[in-house]
S.K.: 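Before I ask anything, here is the structure I am working with.
Every chain is numbered from 1 and lettered A, B, ... according to where its sequence line falls, protein lines coming before strand lines. Bear in mind that the values here come from a model prediction, so they are computed numbers and not experimental data.
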Number of protein chains: 2
Amino acid sequence: MPDPQTRLKALTDRLREQGYRLTPQRVAVLRILAASKGHPSVEQIYDQIKVQFPTTSLATVYKLVALLREMGEVLQLGFPNASNRYDGNNPSPHPHLICTMCGEIRDLDLPALSGMIQQASQDLDYRGVSHRLDFYGICSRCQVGIPQTSPHG
Amino acid sequence: MPDPQTRLKALTDRLREQGYRLTPQRVAVLRILAASKGHPSVEQIYDQIKVQFPTTSLATVYKLVALLREMGEVLQLGFPNASNRYDGNNPSPHPHLICTMCGEIRDLDLPALSGMIQQASQDLDYRGVSHRLDFYGICSRCQVGIPQTSPHG
DNA sequence: CTTCATGCAAAACATTTGCAGCTGG
DNA sequence: CCAGCTGCAAATGTTTTGCATGAAG
């Protein structure tokens, strides 16, 4: 995981290079994406931004994360009955560990497994192969009954 | 993949055992789930059923697949910007290969990979660990430009 | 200045729910 | 019979879109 300042600079530079404008709202979103170790939803980003820029709208945040995803700068994790979550630090597919009680999403480092998945991707006769691997379960905090902050169906 | 007749009997027996009623609509849904090699959506099941039972409603199909999922008899594959897809033949998690052009979903048999995923699941300090592994790409038919039947964002 | 971004509200879409009436066992 | 199922319509929740206003470069 890169240093938040470095990552923020990379993101702003990338937008400028491509001719996109750097509004205060956009910088605020980028700052949150670069700094967050977790995988925030648009709603969570929006809630953080409202502190500094109370008039910011949800649609603006949605539009920026969609743009960043098209540019390959964020990884979007979509879920059927919950909000999308975004990884602004590592846009390439990697395994995640998801708590079905509190909704926390952690990165998992499983080099052997990742290598095997890369191999399988190459062996397929499909073009432009990507993948997604999620583990689901109840995290240790939720097992002992510590109150949850963000429940997740 | 079991014989469709055998699977249909297993499903009807299971519902009866648990005290659920076997209406004509339900049998029609079960028949489609047991016979389909693919992974139909509720909408696709509904379209097939309307031929025999034109008054059947979408809600009824939704309610039955939800029940079957709770009973552990079907595997639900949810997608953020598309309909859920259902596997009525193999309810345990297994890798899938999804064409991003035509939306076809195929089962993948990767024993070594599955074994490694089982091991990883056990090593986690999470409880009740499950997983999901999807590969995405463009299938060989779509690569040569054969017209698609069910596009899928 | 000119183009692009913002923000509001409405639309889009899959899925769920409430409820009156029907029907399987 | 009557608990549980059906089907309609309305509600839900997230994401997208249209458009007039505003600001970046």
S.K.: Within the structure, does a side-chain N or O atom of B:Gln25 lie under 4.0 Å from either OP1 or OP2 of D:dG7?
M.R.: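 Yes, because at least one side-chain N or O of B:Gln25 sits under 4.0 Å from OP1 or OP2 of D:dG7.
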S.K.: From the set C:dT16, D:dT15, D:dG7, return the single nucleotide nearest to any side-chain atom of B:Thr55.
M.R.: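 Nearest to the side chain of B:Thr55 among the choices is D:dG7.
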S.K.: Would you indicate which nucleotide in C:dA9, D:dG7, C:dT6 comes nearest to any side-chain atom of A:Arg26?
M.R.: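 For the A:Arg26 side chain, the nearest candidate turns out to be C:dT6.
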S.K.: Check if the side chain of A:Arg21 and the base of D:dG25 share a donor-acceptor pair of N or O atoms closer than 3.5 Å.
M.R.: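 No.
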S.K.: Which nucleotide, C:dT15, D:dG7, C:dC8, lies nearest any side-chain atom of B:Ser57?
M.R.: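 Ranking C:dT15, D:dG7, C:dC8 by closest atom to the B:Ser57 side chain puts D:dG7 first.
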S.K.: List, one per line, each side-chain donor-acceptor pair under 3.5 Å for residues 115-123 of chain B, sequence neighbours excluded.
M.R.:
unit_1: B:Gln119; atom_1: NE2; unit_2: B:Asp123; atom_2: OD1; d: 3.1
unit_1: B:Ser121; atom_1: OG; unit_2: B:Ile117; atom_2: O; d: 2.9

S.K.: Tell me whether the side-chain N/O atoms of A:Tyr62 come closer than 4.0 Å to OP1 or OP2 in D:dT16.
M.R.: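 So the side chain of A:Tyr62 is outside the cut-off, no N or O lying under 4.0 Å from OP1 or OP2 of D:dT16.
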S.K.: Give the ring-plane orientation class for A:His39 versus A:His94, where under 30° counts as parallel, over 60° as perpendicular and anything between as tilted.
M.R.: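 Tilted.
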S.K.: Provide, to the nearest angstrom, the distance between the CZ atom belonging to B:Phe53 and the P atom belonging to C:dT23.
M.R.: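 For the pair B:Phe53 CZ and C:dT23 P, the rounded distance is 13 Å.
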S.K.: With sequence neighbours left out, which residue pairs that include part of residues 109-120 of chain A fulfil the salt bridge (Lys or Arg N to Asp or Glu O under 4.0 Å) condition?
M.R.: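 Sorted pair list comes back empty.
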S.K.: With the side chain of B:Asn84 defined as its heavy atoms from C-beta on, choose the nearest nucleotide among C:dT15, C:dG7, C:dT6.
M.R.: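 Shortest atom-to-atom distance from the side chain points to C:dT15.
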S.K.: For A:Asn81 and C:dC13, what is the distance between atoms CG and P respectively, to the nearest whole Å?
M.R.: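 Interatomic distance, CG of A:Asn81 to P of C:dC13: 18 Å.
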S.K.: When we call it a touch if two heavy atoms are under 4.0 Å apart, what does A:Glu43 touch: a base, just sugar-phosphate, or nothing?
M.R.: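 If one applies the 4.0 Å heavy-atom cut-off, A:Glu43 turns out to touch nothing in the nucleic acid.
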S.K.: Considering only heavy atoms and no angle criterion, is a donor-acceptor pair shorter than 3.5 Å present between the side chain of B:Lys63 and the base of D:dG4?
M.R.: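 Absent.
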S.K.: What is the ring orientation for B:Phe135 with A:His131, classed by angle as parallel under 30°, tilted 30 to 60°, or perpendicular over 60°?
M.R.: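 If you compare the ring of B:Phe135 with that of A:His131, the planes turn out tilted.
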S.K.: Measure the distance from CG on A:Leu77 to C1' on D:dT14 and round it to the nearest whole Å.
M.R.: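 Those two atoms, CG and C1', are 16 Å apart.
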S.K.: Assign each of B:Tyr20 and B:Val42 to its nearest nucleotide of DNA chain C by heavy atoms, then name whichever residue's nucleotide is nearer the 5' end.
M.R.: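 Per heavy-atom nearest nucleotide, the more 5' residue is B:Val42.
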S.K.: What's the closest nucleotide to the side chain of A:Ala59 if the choices are D:dT6, D:dT15, C:dC8?
M.R.: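 Of the options given, the side chain of A:Ala59 lies nearest C:dC8.
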S.K.: Tell me: CG of B:Leu58 to P of D:dC5, nearest whole Å?
M.R.: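 These atoms are roughly 19 Å apart.
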S.K.: Which value, rounded to the nearest 0.5 Å, describes the distance between B:Gln25 atom CD and B:Thr56 atom OG1?
M.R.: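 Answer for the CD-OG1 pair, B:Gln25 versus B:Thr56, is 5.0 Å.
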S.K.: Give the rounded distance in Å between these two atoms: CZ of A:Arg69 and C1' of D:dT15.
M.R.: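 Taking CZ of A:Arg69 and C1' of D:dT15, I get 11 Å after rounding.
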S.K.: When the nearest nucleotide of DNA chain D is assigned to B:Pro80 and to B:Leu64 on a heavy-atom basis, which residue is associated with the more 5' position?
M.R.: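 It is B:Leu64, whose closest nucleotide lies nearer the 5' terminus.
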S.K.: Thinking salt bridges, do A:Arg85 and A:Asp87 make one under a 4.0 Å N-O criterion?
M.R.: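 Salt bridge flag = no for A:Asp87 with A:Arg85.
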S.K.: Using a 6.0 Å distance limit plus a 45 degree cone around the ring axis, check whether B:Arg127 lies over the aromatic ring of A:Tyr136.
M.R.: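 No; the conditions do not both hold, so B:Arg127 does not lie above the ring face of A:Tyr136.
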S.K.: Counting only heavy atoms from other residues, nucleotides and ligands, does the tally under 6.0 Å from NZ of A:Lys9 exceed 12?
M.R.: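 Count not over threshold, so no.
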S.K.: Could you state the atom-to-atom distance from OH of B:Tyr46 to P of D:dT6 in whole Å?
M.R.: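 Distance check: B:Tyr46 OH to D:dT6 P gives 14 Å.
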S.K.: With axes from five pairs an end, tell me the bend angle of the helix from C:dC1-D:dG25 to C:dG25-D:dC1, nearest 10°.
M.R.: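 Helix axis angle between the two ends: 40°.
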S.K.: CD of B:Glu17 versus C1' of C:dG25: gap in Å, rounded?
M.R.: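 It is 17 Å, rounded to the nearest whole Å.
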S.K.: Hey, does A:Leu22 reach any base, or is it just sugar-phosphate, or nothing, if we go heavy atoms under 4.0 Å?
M.R.: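 Contact class for A:Leu22: sugar-phosphate only.
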S.K.: Take the protein atom CG of B:Leu67 and the nucleotide atom P of C:dT17, then report the distance between them rounded to whole Å.
M.R.: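 Taking atom P of C:dT17 as the reference, CG of B:Leu67 is at 14 Å.
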S.K.: Counting just side-chain N and O atoms, does B:Thr23 come under 4.0 Å of either OP1 or OP2 of D:dT6?
M.R.: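 Yes, because at least one side-chain N or O of B:Thr23 sits under 4.0 Å from OP1 or OP2 of D:dT6.
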